[in-house]
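Report on the following structure.
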Amino acid sequence: QLQKDLEEVKELLTKATRKRLHDVLMTEKHKLELEIKNQPPPKPKDAAEEEKSSLGGYTVKINNYGWDQSDKFIKIYISLNGVQKLPAENVQVNFTERSFDLLVKNLNGKNYTMTFNNLLKPISVEGSSRKIKTDTVLVMCRKKREEKWECLTQVEKESKEKEKAAYDTSDPSEGLMNLLKKMYAEGDDEMKRTINKAWVESREKQSKGDAPMDI
């Protein structure tokens, strides 16, 4: 999906005639390239199939969690009823410098997974761990630098910055560009086609010598 988004942004770049629009698209292009680069490498097919077959049962993706932080750790709390009754080896966490994967096997006949990519800042793989408490798994990500994190992931941070910029009316044209960028990034295919059409029409008007649309 990220690769498709990147291809679409590149296509729009070839149609952009205004510097401001070109700069916005270049920013989006670099962001997508960074996300693709930071994705964990795919597992070899045989290893992935072997793990899948060994799990059995129904796999549930965990979306709900709580988090906190201290000077040294980012702490993610995942509620799972009865998890403390499982053998310790059934609760696995794999860490990289900017991500972690949680796998809980055979809890009440189900498997549970959670993946965090693009953590806001680097963590220490060796210093990170997990703890099993009553009805809770605590994932402890050891910070490489003792500093406060404003959020968990790079994507969250960029999303907050875009929202803030979209409603900044100090420069109306800048606010409009940010809003269009936000709409494009979060919109469905129909929304993207609409914005794309507006850009194409703007380019056509410029080529004919008419006043361009101010977008």
- Note on the structure: In terms of heavy-atom contacts, G82 and D135 come closest through N-OD1, 2.7 Å

- Item | Salt-bridge contact R193-D189 (side-chain N to carboxylate O under 4.0 Å) | no

- Item | Separation between NZ of K75 and CG of L138, rounded to the nearest 0.5 Å | 7.5 Å

- Query: Is a side-chain donor or acceptor of N111 paired with a backbone partner of N106 at a separation under 3.5 angstrom?
  - Reply: yes

- Value for CG (L25) from CD (E11), rounded to nearest 0.5 Å, stands at 11.5 Å

- Side-chain touch V104/N90, heavy atoms, less than 4.5 angstrom: no

- Message: Rounded at 0.5 Å granularity, tell me how far CD in E33 sits from NZ in K10.
- Response: 5.5 Å

- Task: Report yes or no: do F116 and V125 belong to one cluster of Ile/Leu/Val/Met/Phe/Trp/Tyr joined by side chain heavy-atom distances under 4.5 Å?
- Result: yes

- OH of Y65 to OG1 of T136: how many Å apart, nearest 0.5 Å? 16.0 Å

- Task: Begin from the C-alpha positions of M26 and H22 and carry the test side-chain contact (heavy atoms from CB on, under 4.5 Å) through to its verdict.
- Result: CA-CA 6 Å; M26 283 300 295; H22 185 273; 3.5 Å; yes

- Is any side-chain N of the basic residue among R142 and E126 closer than 4.0 Å to the acidic one's carboxylate O? no

- Query: Heavy atoms, side chains only, cut-off 4.5 Å: are L86 and L107 in contact?
  - Reply: yes

- Query: With no hydrogens and no angle check, is any side-chain donor or acceptor of Q92 less than 3.5 Å from a backbone partner on L103?
  - Reply: no

- Answer yes or no: are there more than 12 heavy-atom neighbours, outside D68 itself, under 6.0 Å from its atom CG? yes

- Task: Check whether V60 and V93 end up in the same hydrophobic cluster, where Ile, Leu, Val, Met, Phe, Trp and Tyr are linked by side-chain heavy atoms less than 4.5 Å apart.
- Result: yes

- Are T113 and T59 close enough that some pair of their side-chain heavy atoms sits under 4.5 Å apart? yes

- Task: State, with a plain yes or no, whether a side-chain heavy atom of V83 is found less than 4.5 Å away from one of I132.
- Result: yes

- Message: Just so I know, are the side chains of I123 and I74 near enough to count as touching, which here means a heavy-atom distance under 4.5 Å?
- Response: no

- Item | R130 (side chain) donor-acceptor with M140 (main chain) under 3.5 angstrom | no

- Task: Nearest 0.5 Å please: distance from the NZ atom of K143 over to the OG atom of S128.
- Result: 11.5 Å

- Item | Any side-chain heavy-atom pair of K121 and W149 under 4.5 Å | yes

- Message: Under 4.5 Å between side-chain heavy atoms, counting indirect links through other Ile/Leu/Val/Met/Phe/Trp/Tyr residues: same cluster for I62 and Y77 or not?
- Response: no

- Query: Side-chain contact, heavy-atom cut-off 4.5 Å: L80 with I78?
  - Reply: yes

- Item | Non-hydrogen side-chain atoms of M114 and D101 separated by less than 4.5 Å | no

- Message: Show the nearest heavy-atom pair for residues C151 and L120, with the distance to one decimal.
- Response: O-CD2, 3.4 Å

- Rounded to the nearest 0.5 Å, how far does NZ of K157 lie from CG of N118? 13.0 Å

- Query: According to the interplanar angle, ranging from 0 to 90°, do the rings of F95 and F100 count as parallel (below 30°), tilted (30 to 60°) or perpendicular (above 60°)?
  - Reply: tilted

- Nearest heavy-atom contact between E147 and Q69 is O-OE1, 4.1 Å

- Message: Using every non-hydrogen atom in the two residues, find where S124 and K144 come nearest and quote the distance to one decimal.
- Response: N-CG, 3.8 Å

